[in-house]
Amino acid sequence: MKRAIISDIHGNLEALRAVLEDIDQQKVDAIYCLGDVVGYGPNPCECVKLVRDRCSLVLLGNHDQGALFDPDGFNVGAEKAIRWTRSQLEQHDRMPRNSADQLSDFLGELPRVHAEGDLLFVHGSARRPLDEYVFPEDIYNPLKMEHIFELFAKYCFQGHTHIPGIFTTAPDFISPAVPKTGPKQEQRLQLPAGKAMVNCGSVGQPRDGDSRACYLILEDDSVRFRRIEYPYDITCRKIHSIADLDNFLGDRLTQGR
Ligand code: ZN
């Protein structure tokens with residue numbers, strides 16, 4: 001089975017469209033989304049609808065949960081964005097013509113974990129699926145890594161940090177080096193024989209210094225990290241025009257930070 005794995009779209013419709021177009025050319029059997037469809041970005045409703053229509057699995061992320069319930073543990077800018085996102089969802093759901101198309105209901109019913117054979121899919125980590133970060137520097141915290149590695153059989157796919165790569169049990173972190181130009185803006189990495197945590201990166205708000213949208217293709221025992229150019233200037237302008245979204249949320253897209 002060939003799967004595309006996407007995560008952390010964060011209401012960035014331009015990035016999501018570009019990634020879905022690329023996925024269409026990859027002839028995958030299924031698209032899995034690891035959560036945070038909304039939060040930060042200017043098009044939460046459009047992104048929820050697209051993900052709902054195109055993905056066979058969608059997990060709940062901490063920003064999706066924040067938009068549905070009381071946002072907790074977010075910084076000021078993120079919380080303001082979440083409250084604005086909630087108002088957009090509510091506005092959509094209140095319209096009579098959308099009575100059979102409730103986006104909050106869809107988000108509210110999303111699972112936090114998905115297991116399939118020896119594969120596990122979460123937003124954050126196998127230990128705290130909704131909101132635990134596993135950062136590259138956590139390889140210097142072997143206790144944390146050991147605890148989390150104990151909780152799944154083989155491979156755990158996750159998002160949340162917006163930093164793509166593979167954690168091995170060494171522990172080590174392998175960061176994909178994707179060419180900036182040329183026809184093949186991807187890197188194929190073999191999954192280790194032992195266990196691994198694989199972060200698929202972020203579609204709508206990359207934070208690894210690369211402005212291109214990121215996602216991965218999982219096929220057999222290898223993954224391909226793909227980077228996709230998209231018109232971030234459009235998304236950035238939309239964010240600048242919405243008072244409740246900090247300008248920084250747009251500016252950071254231009255640098256992927
Ligand atoms: Zn996120």
Side-chain angles (χ1 to χ4, degrees), residues 4-16 18-19 31-48 50-51 55 57-69 71-86 88-89 107 110-114 121-136 138 156-165 167 197-216 225 227-228 230 232 235-236 239 245-246 248-253 255-257:
I5 303 179
I6 65 175
S7 189
D8 294 275
I9 293 141
H10 286 293
N12 184 335
L13 184 61
E14 288 71 32
L16 178 59
V19 162
I31 308 175
Y32 287 7
C33 173
L34 306 187
D36 276 5
V37 181
V38 304
Y40 299 133
N43 291 103
C45 299
E46 294 83 352
C47 288
V48 172
L50 253 185
V51 163
C55 299
L57 169 76
V58 186
L59 298 179
L60 185 75
N62 57 317
H63 283 258
D64 308 316
Q65 193 203 39
L68 291 171
F69 309 106
D72 187 28
F74 295 96
N75 65 45
V76 178
E79 188 176 324
K80 209 162 67 166
I82 284 174
R83 291 191 187 282
W84 177 82
T85 299
R86 181 189 299 185
Q88 296 299 110
L89 295 170
L107 289 176
L110 296 180
R112 294 168 183 225
V113 186
H114 176 73
F121 300 87
V122 295
H123 179 65
S125 81
R127 186 163 63 177
R128 279 177 23 218
L130 196 66
D131 59 5
E132 182 170 45
Y133 291 98
V134 184
F135 281 113
D138 283 324
C156 181
F157 292 86
Q158 57 205 40
H160 194 39
T161 63
H162 302 202
I163 299 171
F167 295 91
M197 290 181 234
V198 184
N199 193 306
C200 65
S202 168
V203 169
Q205 198 191 82
R207 289 180 195 158
D208 59 343
D210 186 334
S211 60
R212 293 172 294 178
C214 185
Y215 80 98
L216 70 76
F225 290 91
R227 301 303 294 238
I228 312 298
Y230 75 95
Y232 53 67
T235 322
C236 182
I239 291 174
L245 300 179
D246 282 354
F248 167 65
L249 295 173
D251 299 339
R252 69 189 305 176
L253 298 179
Q255 290 156 36
R257 66 187 168 97

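Both counts, for ligands and for their atoms, begin at 1 and track the order of listing. Start at 1 with the first residue, then count along the sequence.
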Exercise. Looking only at atom types and distance, does a side-chain atom of H162 sit under 3.5 Å from a main-chain N or O of P206, one as donor and one as acceptor?
Worked result: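 The answer is no, because no donor-acceptor pair under 3.5 Å joins these two groups.
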For this session: State whether the side chain of R112 and the backbone N or O of P129 hold a donor-acceptor pair below 3.5 Å, judged by distance alone.
Result: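 Absent.
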(request) Just grab all the salt bridge (charged side-chain N to carboxylate O under 4.0 Å, His left out) pairs involving residues 6-15, residues at least two apart or on different chains. (result)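 Residue pairs passing salt bridge (charged side-chain N to carboxylate O under 4.0 Å, His left out), neighbours aside: E14-K238.
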May I ask you to decide if the ring planes of F121 and H114 are parallel, tilted or perpendicular, using 30° and 60° as cut-offs?
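Tilted.
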Please state whether the rings of F135 and Y133 are parallel, tilted or perpendicular, taking 30° and 60° as the class boundaries.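 Parallel, since the angle between the ring planes stays under 30°.
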- Once you round to the nearest 0.5 Å, how far does OG1 of T161 lie from CD of E132?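 Here the interatomic distance stands at 11.5 Å.
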Using a strict cut-off of 2.8 Å, how many protein N/O/S atoms surround the Zn ion (ligand 1)?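 Number of qualifying protein atoms: 4.
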